[in-house]
Amino acid sequence: MDCKEFREILDLYVDEELSPEALTAAQIHLVECHACRRVKNTLLTLRSNLKVAVSQHQPPPDLVTSVWRITESRWRKYLGSLTRVTDDFTQTRSRFWSGGIRLPAPVFALLFMAMLTFGILFMAELFRPVKNVKNVTTPPQSERGRPSVEADDFSRFDHGGRASLYKVPR
Amino acid sequence: MSTPTRILFILLLSLVFLASSDRPSRAMNSPQSVNAKRIKFDLTTFEEREGRRDLISQTTVEGPEGTDFNIKLAGARFQMNARFLTDLVAPNTLKVRADLNTRRLYGQSERNLPLYEEDSQRQALQLGFDEKMVLLPFGRNDSSDQLKIEISPILSDQTAYLESGQRRPLEIKILKASPEGVISVEASKTPHRFVIEAALLEDGREVARETSDALLEEARELILRPNEQASRDVIKRPLAVTLTVNQYMRARPTDQVAIKFDADQLSEAAQRELPSFHGAGINEVGAYLNYDVTQYLKSSGGKYELRFKIKLAPGEDAN
Amino acid sequence: MRLSGRRRAKHFEDAAIPHLADVYRLARQISNQDHAPELVQETYLRAWKYFDSFARGTNCRSWLFKILHNVWRDVWHQQRLEIPLPEGDDTLIEPYYDWEDEFIKDELSDDLQNALAQVPSVYRWAILLADVEGLSYQEIARVMDCPVGTVMSRINRGRRTLARLLRSQSAGRTEQLGGTVIQTEKESANGL
């Protein structure tokens, strides 16, 4: 393969679309030809820079949420005859609400209170602060303010050595 | 039951399900965890001078297994931060991984700016409860004056959990404070034990997988085993991944882990083939971390993706 | 009925939603920041609607790109005034005879994006699918609904057009720098 042929199939080479025979011929040519290697590297750099430039953008959070909601309509379908999902998934019509509820009042009140309680517990759990270090206790008042050695930073022990850690029996 | 009642019942059940929270549940489930012990570390600083030992400070740290602590020495010319990660690997054996970092004022530059000498060491020890660690912040020297910090582990009588099922909180007790607070101690408890799941996907299909347990900050090698859907390339050159869970970070709504990894393809003779590639990432515990590795794998085509999932090990508590 | 609906949703979430970032990235480059979410939303709505026609185990990402291409053609492209390119011989490749000087070096991402936005849309599709998304020529042909020869030609022309635009951007900056250097030398000569 000569330079002219290589430059004609360069796109196929970098996109790994060459046949095995052509690939071998191209690789042999590259070993011998500095100029074609430079052209190949230029194209690879262009591709790589393009990928980096384009990859920096992430989908906005509200788009992610709305895409996930596309499949939420399956829950509405489970309500069977009570809901109807139109082609526009943001609109729903519920016969449930228009039909009214027939429940004994004490039962309804009990169910409502239970739902409210669980809802509050769930929110409390969600916003519970994260615990970490706890319970620092300090020595009695009489012991404070009377150091047994002079209040220095122990630099008198520093002879330039490296910190050392080892174990010994007790 | 009428249909509206059925709906209310389903909604109620959903709330019950949601209220049980998606965080890892407190370890009240197994009798073993209820009776789990706490470990106390006694951190005592001595000055040894001419055969005499003078107590400078004493602090105890008490917490469940897996408690970590830092000892800091903050002087005007010398600072040390010694971090200890501890794990109970056997009934009477602790694995301690120490990270010692020191910084010493060395002098001044030509422009009168301070020059510092910094040192960093990592060390791992297996420690029984009949042993203790000795830390010499300034190293060994020939003179008779030494500053020593002794770290003694003790199996506490207290259980890790209160009767209510709540985890007993960490305790730091300063029995004797160092002068001017030059020596200070911090402690924390974060999960140390994880389960790593690694999978290789070819054009969206899982073709190789491996699972392993791992400790925080400890590298673990996984050789992904190809399955029946794997192509010949994947079978002939399986992927070996060395992964470390670097850090566990508290976050809401779910805690996060940071990982780093190196990966190589193994040749038929199980030799590692260059070039290897590496990566890093942060994501929620239990979530996937995906990496496009197509350009690194020798293959005849197809899009390859490496996927990791890091979960807490069974019995490990996030709280 | 209930089980199949849930399973379908689960399959969709496992197969299609992981590619959301890739679809958005592509949508943003072939339209703009303001319209990309609309294109992505419409793509996923159509994907959900026609998910039963997707063959499990095949490349879902390519399938989503194809839907995005159709949405773009139906919704975005028709609204924009773009003079159709006289493609002429669809399979004509322009060899890289003049690429030996290393003119691609440290372009800023903004420069690349500006240049990419000026590349004609059919070429832009081709180079994004090839160079960013890593699709094969066959896959690109299926996405863009054209022959493989046309794909090769569009990729070739797209890359060359992009490089020409980058070269001209870079040349414009070099002329300015050259002026400054000359001026400084003059000042030095005057002992300033």
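Throughout, a chain's letter reflects where its sequence line sits, starting with A, and its residues are numbered from 1.
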K.L.:
With a 4.5 angstrom heavy-atom cut-off, is it the side chain or the backbone of C/Y44 that approaches chain A, or both, or neither?
P.N.:
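It is both, since atoms from each part get that close.
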K.L.:
Using a cut-off of under 4.5 Å for heavy-atom pairs, which of A/K51, A/H34, A/E17 has the most such pairs with chain C?
P.N.:
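Winner by heavy-atom pair count: A/E17.
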K.L.:
So, for C/L45 and A/I70, which heavy atoms are closest and what is the spacing to 0.1 Å?
P.N.:
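Scanning both residues completely, I find the closest heavy atoms to be N-CD1, 3.8 Å.
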K.L.:
Heavy-atom pairs under 4.5 Å with chain C - which of A/V54, A/L12, A/V14 has more of them than the others?
P.N.:
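Looking at each option in turn, the highest pair count goes to A/V54.
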K.L.:
Measure the spacing between CG of C/L128 and CG of A/L50 and express it to the nearest 0.5 Å.
P.N.:
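CG of A/L50 is found 6.0 Å from CG of C/L128.
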K.L.:
Measuring from atom OG1 of A/T71 to atom CZ of C/F51, what distance do you get when rounded to the nearest 0.5 angstrom?
P.N.:
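Result: 10.5 Å between the selected atoms.
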K.L.:
Roughly how far, to the nearest 0.5 Å, is the CG atom of A/L43 from the CG atom of C/D131?
P.N.:
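It is 7.0 Å, given to the nearest 0.5 Å.
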K.L.:
For A/S48, is it the side chain, the backbone, both, or neither that has a heavy atom closer than 4.5 Å to a heavy atom of chain C?
P.N.:
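Neither part; nothing is under 4.5 Å.
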K.L.:
Calculate, to the nearest 0.5 Å, the distance between atoms CZ and CD belonging to A/R69 and C/Q41 respectively.
P.N.:
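That separation rounds to 9.0 Å.
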K.L.:
Just give me the residue among C/Q33, C/Q138, C/R28 that pairs up with chain A most often, heavy atom to heavy atom, under 4.5 Å.
P.N.:
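Among the listed options, the one with the most contacts to chain A is C/R28.
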K.L.:
Do other residues, nucleotides or ligands put more than 12 heavy atoms under 6.0 Å from the OH atom of A/Y166?
P.N.:
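Yes, enclosed.
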K.L.:
Measure distances from C/L26 to the heavy atoms of chain A and classify the residue's part below 4.5 Å as side chain, backbone, both or neither.
P.N.:
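No part of C/L26 comes within 4.5 Å of chain A.
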K.L.:
Look at A/P60, A/S55, A/P59 and state which one has the largest set of heavy-atom pairs under 4.5 Å with chain C.
P.N.:
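Heavy-atom pairs under 4.5 Å are most numerous for A/P59.
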K.L.:
To check you understand the geometry: which heavy-atom pair defines the closest contact between A/L46 and C/L166, and what is its length?
P.N.:
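The pair with the smallest heavy-atom distance is CD1-CD1, 3.6 Å.
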K.L.:
Say you draw a straight line from CG of A/D11 to CZ of C/R157; how long is it, rounded to the nearest 0.5 Å?
P.N.:
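Reported to 0.5 Å precision, the distance equals 12.0 Å.
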K.L.:
What distance separates C/M152 CE from A/I9 CD1, expressed to the nearest 0.5 Å?
P.N.:
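Between atom CE of C/M152 and atom CD1 of A/I9 there are 10.0 Å.
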K.L.:
Start with the C-alpha gap between C/Q29 and A/H57, add the side-chain angles, then the distance that decides, and say whether side-chain contact (heavy atoms from CB on, under 4.5 Å) holds.
P.N.:
CA-CA 10 Å; C/Q29 297 306 320; A/H57 300 296; 3.8 Å; yes
K.L.:
Name the region of A/Q58, side chain, backbone, both or neither, that has any atom closer than 4.5 Å to a heavy atom of chain C.
P.N.:
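For A/Q58, heavy atoms of backbone and side chain both lie under 4.5 Å from chain C.
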